[in-house]
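One structure is given here, and the rest of the page talks about it.
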Number of protein chains: 2
Amino acid sequence: MAEETVVNRVQRRRAATVEEILEAAWVLAAQDGLAGLSLRHLAGRLQMRPQSLAWYFPSKNSLYDALYARGHEDFRRRLAEAGPLDVPSAARSFAAFCVENPPRYQLMTQRTVPGFVPSDSAAALARETFGAWRRALQRAGVNDRAHVDVLTALVKGLVDQQITVDPTGDRYLRHLEFVIDMFTRAVASHPPIGAA
Amino acid sequence: MAEETVVNRVQRRRAATVEEILEAAWVLAAQDGLAGLSLRHLAGRLQMRPQSLAWYFPSKNSLYDALYARGHEDFRRRLAEAGPLDVPSAARSFAAFCVENPPRYQLMTQRTVPGFVPSDSAAALARETFGAWRRALQRAGVNDRAHVDVLTALVKGLVDQQITVDPTGDRYLRHLEFVIDMFTRAVASHPPIGAA
DNA sequence: GTCTATATCCAGATAGAC
DNA sequence: GTCTATCTGGATATAGAC
């Protein structure tokens, strides 16, 4: 029906605009800090009035929620597209994903935006993504959750220091291979406390 | 001289008030998020008008700066009082210090408060504290900076995940001994990339 | 040192015209 | 979908009484 087609066209247009908004939001977050995001600045950057932006995202929280959800979708897609991974390439994928967009990393893995709590649906998405990460590591031979938690934390520590202390260099991430190797050997010989 | 005594008394009184303010600020930061600190809320909690609080801290940035400096002083004192440490107890000290006051950890080791940049004097203090941390590890046998960086990042990763994902439990920090052990063995046999 | 009073600026949120 | 208009509130600043 013609009616259906018009609706689809409208939806596509809307989706494209949302896409533009999210893209600009990451850029602004990188400039002004994630918690410093301003809907006014964002609107200005997109050549619209703040009240027009509100038509797409009626609150700051709804924008953060969309960014949060999108981040988890992106990492999940990244994992899926990479196909089967071994431990080193899984760790490298995670680290690369984090440092390529620091505010996204911050939003997804920390709680630094005052008042922001992911919606139920976004939180469910995050759990699915963590499940995918866990299964990827499982296929790579990391079988219990304690090991997954340890590897995740170790890579996160390098990433976080890299972003905070040396955002343009490689002072911390250059030790990634060393840490991966250390982890692999340790897991092979000594199970972590609390392992299944 | 009597004059001198009055001055000292005034200074002590002022220092005590500053102490109260900082103490209340940590509490508020824990409640509302570090970046969500409000000078008005803080003043209200201390039974004073915002303009009176401004007599001690004329801007939000000056408050953050004092908190930042105080955090680094506290960790340095903690290290000094602990005396000579081995690697496990140094790592445990760092981890314990971080989780006992998450906003302090966040302010000291991350960049999540939009617009906050430590003053020169506070930054100098932070460097001194890092120097003390490095010397403490050196006395414990961790001799090159690359190893210090790796250990710091590994512990930070556990701490950060602990605070973010499981703030009331021990899901990540229970692996601290495992990680320390992994680090110690790895350093003994395989120097990190970029080591001196 | 603490207060009242006030003023500017910027932010987010909402109502409603077109 | 986009806009004008308006409301509320926080941050910052200044002048000046007590």
Side-chain angles (χ1 to χ4, degrees), chain A residues 5-22 24-25 28-29 31-68 103 107 112-117 119, chain B residues 3 5-25 28-29 31-68 103 107 112-117 119:
Chain A
T5 306
V6 168
V7 169
N8 285 343
R9 191 176 301 140
V10 168
Q11 286 177 344
R12 273 203 316 276
R13 178 80 183 82
R14 182 185 171 85
T17 306
V18 164
E19 211 58 33
E20 275 184 60
I21 295 171
L22 296 181
L28 262 194
Q31 282 175 10
D32 303 342
L34 180 64
L37 245 186
S38 150
L39 295 178
R40 290 175 128 77
H41 273 151
L42 182 55
R45 192 167 234 283
L46 293 161
Q47 314 259 35
M48 55 169 85
R49 304 279 97 196
Q51 298 88 334
S52 306
L53 179 60
W55 193 82
Y56 298 94
F57 296 103
S59 74
K60 209 174 173 178
N61 237 286
S62 66
L63 174 63
Y64 281 127
D65 203 56
L67 292 169
Y68 179 88
L107 181 60
T112 56
V113 180
F116 171 62
V117 182
S119 62
Chain B
E3 181 68 14
T5 306
V6 168
V7 169
N8 284 342
R9 191 175 301 140
V10 168
Q11 286 178 343
R12 274 203 313 277
R13 178 80 183 81
R14 183 185 171 84
T17 306
V18 164
E19 211 58 33
E20 275 183 61
I21 295 170
L22 296 182
E23 192 47 48
L28 261 194
Q31 282 175 9
D32 304 341
L34 179 64
L37 247 184
S38 153
L39 295 179
R40 291 176 129 76
H41 272 152
L42 182 54
R45 190 167 236 283
L46 292 161
Q47 316 258 36
M48 55 169 85
R49 303 280 97 195
Q51 297 89 332
S52 306
L53 179 60
W55 193 82
Y56 297 94
F57 296 103
S59 73
K60 210 174 172 176
N61 238 285
S62 65
L63 175 63
Y64 281 126
D65 204 55
L67 292 168
Y68 180 87
L107 181 61
T112 56
V113 179
F116 170 62
V117 183
S119 63

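Each chain gets a letter, A, B and so on, in the order the sequences are listed, and its residues count up from 1.
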Task: Between P of C:dA11 and OH of A:Tyr64, the distance in whole Å - done: 12 Å

- [ ] Nearest whole angstrom, please: distance from the P of D:dC18 to the CH2 of B:Trp55.
- [x] 21 Å

TODO: Test side-chain hydrogen bond (donor to acceptor under 3.5 Å, both in side chains) on A:Thr5 and A:Arg9 and set out the steps.
DONE: CA-CA 6 Å; A:Thr5 306; A:Arg9 191 176 301 140; 6.0 Å; no

Task: A:Leu53 CG - C:dT14 P separation (whole Å) - done: 14 Å

Task: Closest nucleotide among C:dG1, C:dC3, D:dT4 to the B:Val10 side chain - done: C:dG1

- [ ] Check whether any side-chain N or O of A:Ser52 sits under 4.0 Å from OP1 or OP2 of D:dC3, and answer yes or no.
- [x] yes

Open item on the list: Within the 4.0 Å heavy-atom criterion, would you say A:Arg14 contacts the bases, only the backbone, or no part of the nucleic acid?
Closed with: sugar-phosphate

- [ ] Round to a whole Å and report the spacing from CE of A:Met48 to C1' of D:dT4.
- [x] 17 Å

TODO: Start with the C-alpha gap between A:Val10 and A:Arg13, add the side-chain angles, then the distance that decides, and say whether side chain to side chain contact (heavy atoms under 4.5 Å, CB included) holds.
DONE: CA-CA 5 Å; A:Val10 168; A:Arg13 178 80 183 82; 5.7 Å; no

- [ ] Evaluate the side-chain proximity of B:Leu67 to B:Leu37: yes if any heavy-atom separation is below 4.5 Å, no if none is.
- [x] yes

Task: Between P of C:dA15 and CD of A:Gln51, the distance in whole Å - done: 13 Å

Open item on the list: Between B:Tyr64 (side chain only) and B:Leu34 (backbone N and O only), is there a donor and an acceptor less than 3.5 Å apart?
Closed with: yes

Task: pair A:Phe116-A:Lys60: side-chain heavy atoms closer than 4.5 Å - done: no

TODO: May I have the distance from A:Arg49 (atom CZ) to D:dT6 (atom C1'), rounded to whole angstrom?
DONE: 15 Å

Open item on the list: Just verifying a value: how many Å separate B:Glu23 CD and B:Ile21 CD1, rounded to the nearest 0.5 Å?
Closed with: 12.0 Å

- [ ] To the nearest 0.5 angstrom, please state how far the CG atom of B:Leu22 sits from the CZ atom of B:Phe57.
- [x] 4.5 Å

Task: Whole angstrom value for the distance that separates C1' of C:dG1 from CD of B:Gln47 - done: 16 Å

Task: Spacing of B:Arg9 atom CZ relative to C:dG1 atom C1', expressed in whole Å - done: 16 Å

Look for any protein N or O under 3.5 Å of an N or O in nucleotides 10-12 of chain D and output each such pair with its distance, or none.
from: D:dA11; atom 1: OP1; to: B:Leu37; atom 2: O; distance (Å): 3.3
from: D:dA11; atom 1: OP1; to: B:Lys60; atom 2: NZ; distance (Å): 3.3
from: D:dA11; atom 1: OP2; to: B:Ser38; atom 2: OG; distance (Å): 3.0
from: D:dA11; atom 1: OP2; to: B:Leu39; atom 2: N; distance (Å): 3.4
from: D:dA11; atom 1: N7; to: B:Arg40; atom 2: NH1; distance (Å): 2.9
from: D:dT12; atom 1: OP2; to: B:Lys60; atom 2: N; distance (Å): 3.3

